[in-house]
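So that the names make sense, note that chain A is the first sequence line, chain B the second, and so on, each numbered from 1.
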Amino acid sequence: MADGPVGPGANVDETGVRCRFAPAPTGYLHVGGARTALYSWLFARHNRGTFVLRVEDTDQRRSTEEAIDILKRSLRWLGLDWDEGPDVGGPYGPYIQSERMKGIVAIAEGFLADGRAYRCYCTPGELEDRRRDALSRGETPGYDGRCRHLTDTERAEFGRQGRSFAVRFAMPGHDITVHDVIRGDTTFPADDLKDFVILRSDGSPTYLLAAAVDDVAMRMTHVIRGVDLLPSTPRQVEMMQALGADPPLYAHLPLIVGPDHQPLSKRFGSVAVEAFREQGYLPEAMVNYLGLLGWSFDATTTFFTLQEMIEHFDLARVSKSPAAFDPQKLAWMNGHYIREASDERLASLITEVADEEGFRVDPAVVTEAVPLVKERMRTVAEGLAMLRFLFVDDLEPDEKARKMLGPDRAGLLREAAERLRSVDPWTHEAIQSTLTEIKEEFGLSSKNAFQPIRAAITGALVSPPLFESMELLGKERSLARLEAAAAGAAAGGLDQGSKSEIDDEGGPPAG
RNA sequence: GGUCCCAUCGUCUAGGGGCCUAGGACACCACCCUCUCAAGGUGGAGACACGGGUUCGAAUCCCGUUGGGACUACCA
């Protein structure tokens with residue numbers, strides 16, 4: 001009794017492959033959605049087909065104009081363009097679902113007229129009560145179809161009582177097999193395919209109806225979406241067939257989960273694409289990482305440009321099991337792309353991030369500093385943090401730096417300030433040779449000689465290369481910091497009063 | 001509870017009966033490099049969930065168990 005699978009027969013005709021990304025504009029584009037969009041886009045581009053962006057805003061209460069803008073911005077940032085959709089139009093619009101409302105409602109009314117749908121007068125309260133009862137009796141909950149065969153007089157009676165009604169689609173009562181490019185065939189038992197609401201009692205269409213109608217109207221040949229929508233597929237396919245349309249070919253993507261294998265949530269930091277952009281992740285890293293979360297080309301290729309992904313993308317190689325989002329790997333990959341990026345681009349990115357934080361930097365200095373931080377930053381925000389000391393004079397040394405600036409460092413620091421004063425071309429080479437001389441005269445290891453100076457200059461024990469940093473900072477500011485540190489150290493190493501431990505951790509093993 | 005989906009190192013994955021003493025990448029450890037931190041280099045530890053089959057031969061095929069997850073809305 002089962003229908004034939006929704007087979008590869010699908011309606012790919014002279015229009016070629018057509019697929020879409022259809023988000024609900026209720027917030028930000030998060031990484032799961034971004035990956036769905038990416039795969040859909042890759043599939044379309046690989047097949048020289050058409051990629052459509054459709055905004056599913058049937059739930060007017062949760063949809064906002066701002067969310068639509070963020071969605072578009074995030075998609076563009078990732079490099080995913082659409083051939084049809086908001087802003088660009090196309091032959092099968094409108095691409096904002098709410099603008100097709102009348103047409104969608106008309107189709108529901110057509111189903112009503114054909115007997116494929118019926119009015120259901122059950123109230124949400126009644127439905128909820130029955131659901132709870134069924135559950136408590138250990139039965140399978142779900143609409144029992146009681147309004148399916150109401151007589152005209154019964155309907156009239158409900159109407160007289162002032163009851164409103166929702167419209168339900170009448171399922172055929174047989175099993176339905178759905179074909180999925182990634183998962184093969186899945187059969188849903190008739191008993192679990194309950195009649196579902198297509199028009200709410202306020203007359204608005206539900207997602208199930210709207211998406212199905214839109215997919216038919218927009219001539220979609222392939223629908224690539226998350227597995228969470230797999231159970232809705234038999235219902236949508238049934239409606240499409242009732243419409244006399246060939247359903248598209250479906251591909252349900254595995255979920256992206258968090259490090260704990262639970263659904264991705266904010267607990268693990270940002271999940272919004274926009275937030276990654278703000279922190280200074282590069283779109284090429286984002287797209288490369290997301291592309292490999294659930295898809296692979298071969299055993300070893302790790303880096304892909306969008307073009308290379310288009311070339312190799314294949315739905316048949318998409319994984320069936322959920323993938324855990326790993327922020328560390330993303331950061332590593334971002335570092336890789338940062339190292340590949342031009343200094344100019346990084347400089348302007350760092351300046352941008354600084355601007356967004358309301359932190360004033362000198363773009364010229366940033367440009368010169370980029371080579372110093374390029375290979376040690378994994379995000380633009382990290383790079384900016386490493387350059388902070390160049391733009392802030394009232395540095396607050398961190399705890400480790402303070403310990404490095406104890407009383408016993410005063411001499412070294414004062415000596416450095418004095419000797420450096422006569423360095424004329426203020427170059428990192430000259431700075432280095434001067435400091436090296438001091439180090440040798442003091443009989444110190446590099447670490448013991450330079451770490452206090454680093455602490456004085458940058459306020460931290462971890463920084464970009466010291467000599468280059470000092471060159472960039474400039475002679476006067478460098479000397480001022482050394483003198484201030486020397487004075488502070490002599491004054492007793494601050495509150496601690498302690499003899500700053502020679503942070504010579506490790507030290508020569510044999511004493 | 002019911003239906004459905006999924007199951008290789010901690011993580012992302014390669015693998016589609018013999019090429020697997022299971023390969024790569026992130027993370028981790030050690031060493032090298034080194035003014036700190038990175039980057040880079042070298043090496044190391046680390047997985048086929050379990051149990052039955054099928055087969056000369058199973059990570060690969062089948063069944064079951066276990067474990068995860070999705071759905072079960074007048075949300076999408």
Side-chain angles (χ1 to χ4, degrees), chain A residues 22-24 26 56-59 61-63 120 122-124 127-128 131 134-143 164-168 178 180 183 186-189 191-194 196-202 204-208 210-211 225-232 234 252 254-255 257 259 261-263 289 292-303 317 319-333 335-336 339 373-378 382 386 432 435-436 439 445-451 453-455 458 460-469:
Chain A
T26 55
E56 302 212 326
D57 58 344
T58 47
D59 185 356
R61 294 173 321 226
R62 300 201 302 153
S63 303
C120 170
C122 300
T123 66
L127 259 14
E128 179 54 30
R131 210 182 73 87
L135 241 22
S136 69
R137 273 177 320 207
E139 290 169 14
T140 301
Y143 187 64
S164 56
F165 62 86
V167 175
R168 281 183 192 274
V178 172
D180 182 286
R183 290 155 207 282
T186 300
T187 298
F188 295 85
D191 283 353
D192 296 297
L193 265 9
K194 311 287 189 185
F196 56 95
V197 171
I198 55 177
L199 241 40
R200 303 185 183 98
S201 49
D202 67 359
S204 67
T206 57
Y207 160 79
L208 254 13
R225 43 155 48 165
V227 254
D228 48 324
L229 263 7
L230 182 57
S232 74
H252 289 94
L255 241 40
V257 297
H261 287 274
Q262 290 301 111
Y289 177 72
L292 256 18
L293 241 202
W295 171 80
S296 64
F297 168 57
D298 60 15
T300 56
T301 312
T302 302
F303 300 112
R317 290 190 61 87
S319 163
K320 285 195 274 256
S321 44
F325 184 82
D326 180 1
Q328 290 204 96
K329 189 160 186 175
L330 204 214
W332 163 79
M333 186 164 274
H336 166 85
R339 274 164 252 134
V373 293
K374 190 173 184 172
E375 67 186 23
R376 42 201 109 220
M377 61 197 262
R378 295 185 308 171
E382 279 181 12
M386 285 187 265
Q432 176 161 20
L435 290 180
T436 302
K439 159 190 143 177
S445 65
S446 293
K447 190 184 259 184
N448 281 328
F450 301 146
Q451 284 300 72
I453 295 173
R454 185 189 309 282
T458 69
L461 260 29
V462 171
S463 81
L466 181 58
F467 316 120
E468 287 84 346
S469 292

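Taking atom C1' on both nucleotides, B:G15 is separated from B:C61 by 15 Å, rounded to a whole Å. On the C1' atoms, B:A39 is 14 Å away from B:C32, given to the nearest whole Å. Rounded to a whole angstrom, the distance from the C1' atom of B:A14 to that of B:C26 is 15 Å. To the nearest whole angstrom, the two C1' atoms, one in B:A7 and one in B:A47, are 12 Å apart. Across B:G46 and B:G10, the matching C1' atoms stand 9 Å from one another, rounded to whole Å.
Partners of A:Glu56 by salt bridge (charged side-chain N to carboxylate O under 4.0 Å, His left out), not counting sequence neighbours, listed by chain and number: A:Arg54. Evaluation of the salt bridge (charged side-chain N to carboxylate O under 4.0 Å, His left out) rule for A:Lys374 yields A:Asp343 as partners, not counting sequence neighbours. Every residue meeting the ring pair (Phe, Tyr, Trp, His ring centres under 6.0 Å) condition with A:Phe297, not counting sequence neighbours, appears here in chain and number order: A:His312. Evaluation of the side-chain hydrogen bond (donor to acceptor under 3.5 Å, both in side chains) rule for A:Thr302 yields no partner, not counting sequence neighbours. With sequence neighbours excluded, no residue satisfies side-chain hydrogen bond (donor to acceptor under 3.5 Å, both in side chains) with A:Asp326. Legend: residues meeting salt bridge (charged side-chain N to carboxylate O under 4.0 Å, His left out) with A:Glu128, ordered by chain and number and at least two apart, are A:Arg131, A:Arg132. Scanning for ring pair (Phe, Tyr, Trp, His ring centres under 6.0 Å) contacts around A:Tyr143 gives an empty result, with sequence neighbours left out. Every residue meeting the ring pair (Phe, Tyr, Trp, His ring centres under 6.0 Å) condition with A:Phe467, not counting sequence neighbours, appears here in chain and number order: A:Phe450. Remark: A:Arg339 engages no residue in a side-chain hydrogen bond (donor to acceptor under 3.5 Å, both in side chains) (not counting sequence neighbours).
At a cut-off of 3.5 angstrom, counting only N and O atoms as typed in the model, there is a donor on one side and an acceptor on the other between the side-chain of A:Ser201 and the base of B:C74.
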The contact string for nucleotides 8-16 of chain B, one letter per nucleotide 5' to 3', using protein heavy atoms under 4.0 Å with B, S and - for base, sugar-phosphate only and none, comes out as ---SBSSS-

Spell out protein contact along nucleotides 34-44 of chain B as letters: B when the base is contacted, S when just the sugar-phosphate is, - when no protein heavy atom is under 4.0 Å; keep the 5' to 3' order. -BBBBSS----

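The line from CG of A:Leu208 to OG1 of A:Thr58 is 10.5 Å long, rounded to the nearest 0.5 Å.
Nearest-nucleotide mapping onto RNA chain B: of A:Thr302 and A:Leu255, the residue sitting toward the 5' end is A:Thr302. Map A:Asp192 and A:Leu229 each onto its nearest nucleotide of RNA chain B; the residue landing nearer the 5' end is A:Asp192.
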Provide a list of protein-nucleic acid N or O atom pairs under 3.5 angstrom, restricted to nucleotides 17-22 of chain B.
none

